[in-house]
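Encoded as structure tokens, the structure appears first; notes follow it.
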Amino acid sequence: MATQIIDGKQIAKDVRKKLKPRIAALLDKNIVPGLAVVLVGEDPASQTYVRSKGKACERLKLHSVTIRKDASISQEELIAIVEGLNADDKIHGILVQSPVPSHIDELAVTLTISPEKDVDGFHPYNVGMMLLGRGALLPCTPNGILKLLEESNIDPTGKEVVIVGRSNIVGKPIAALLMQKAKIGNATVTVAHSRSKDLAEITKRADILIAAIGLPQFIKADMLKDDVVIIDVGVNRIDDDSTEKGYKLVGDVDFDGCFEKASHITPVPGGVGPMTISMLMENTVTAAEKINGLS
Ligand code: GUN
């Protein structure tokens with residue numbers, strides 16, 4: 001069977017297109033969904049993400065505010081910024097780009113974000129609601145993965161899903177979502193990570209493998225069974241003198257080596273990444289609707 005490349009760019013575009021009538025309905029009521037992104041420090045990858053988020057808002061004509069702060073900002077100052085955004089009626093979504101400098105307690109900042117404006121889905125209220133299967137604002141990358149599976153007609157019901165990586169942003173929430181009694185759910189989920197023994201024995205069980213461990217090209221063909229669905233969440237910069245920037249982006253999966261084994265595979269870039277941004281736009285629109293009592 002020929003391997004299908006899952007086109008995250010196209011699916012992300014379709015998600016944005018479906019948002020347009022919802023945005024128009026809000027505009028009819030003089031409501032422009034607004035997203036505020038707070039970026040602390042100069043991390044190059046974070047700067048790229050934040051620019052993409054701003055551009056996505058611009059394209060959908062959403063109100064977008066980016067607040068850039070020096071890495072020396074105190075926790076109190078950062079919390080005061082979030083409190084200001086909580087009180088701002090033009091802002092429906094607040095995102096503090098992760099990671100923040102080590103002197104700042106990220107959880108303390110997340111706890112300050114009003115749960116109804118928490119478009120990352122990181123606030124414990126939203127994490128709890130997600131676990132209960134009642135989440136309204138789901139974390140963007142996991143939600144994007146659900147969408148990629150749905151749009152590729154991949155039903156996880158009864159399948160063995162192996163997630164490699166246990167982060168709060170991806171591994172833990174995608175595990176919770178895929179085991180849920182839901183349209184895209186009902187899977188038998190295993191979460192493996194850097195401390196798992198015999199990792200290859202675990203990954204070989206996967207009908208659907210989700211790689212989110214943050215190590216370039218870590219998943220090799222001999223760790224997989226035939227016809228596996230591969231979702232690669234990794235975004236790693238590796239040196240490449242042949243490119244203008246001197247680096248290239250690769251995933252957590254050895255794409256070329258694993259391609260033949262897979263029934264479906266997401267590329268990096270152009271797989272999960274664009275979905276994260278589109279789901280953020282969707283959450284911003286959902287938050288604007290809910291805050292205004294429209295859904
Ligand atoms: N850093 C990497 N991914 C994310 C994300 O989805 N949200 C935030 N806030 N920071 C990130």
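We count ligands from 1, going down the list as the structure has it; atoms in each ligand are counted the same way.
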Contacts table for residues 131-147: side-chain donor-acceptor under 3.5 angstrom, sequence neighbours left out:
residue: T141; atom: OG1; partner: T276; partner atom: OG1; Å: 2.9

In residues 51-60, what donor-acceptor pairs under 3.5 Å come from side-chain atoms, sequence neighbours left out?
residue: S52; atom: OG; partner: T48; partner atom: O; Å: 3.0
residue: K53; atom: NZ; partner: Q97; partner atom: OE1; Å: 2.6

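Nearest approach of V127 to F122, heavy atoms of both residues: CG2-O, 3.7 Å.
No salt bridge links K183 with D155; every basic N to acidic carboxylate O contact stays at or beyond 4.0 Å.
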Put together the list of close N/O pairs, under 3.5 Å, between ligand 1 and the protein, could you?
residue: ligand 1; atom: 1 (N); partner: Q97; partner atom: NE2; Å: 3.1
residue: ligand 1; atom: 1 (N); partner: S98; partner atom: O; Å: 2.9
residue: ligand 1; atom: 7 (N); partner: D120; partner atom: OD1; Å: 3.0
residue: ligand 1; atom: 7 (N); partner: D120; partner atom: OD2; Å: 3.4
residue: ligand 1; atom: 9 (N); partner: V96; partner atom: O; Å: 2.9
residue: ligand 1; atom: 9 (N); partner: D120; partner atom: OD2; Å: 2.6
residue: ligand 1; atom: 10 (N); partner: S98; partner atom: N; Å: 2.9

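Side-chain contact annotation: S98 with E106, donor-acceptor N/O pair under 3.5 Å present.
Remark: F218 pairs with no residue by the ring-ring contact (aromatic ring centres under 6.0 Å, His included) rule, at least two apart or across chains.
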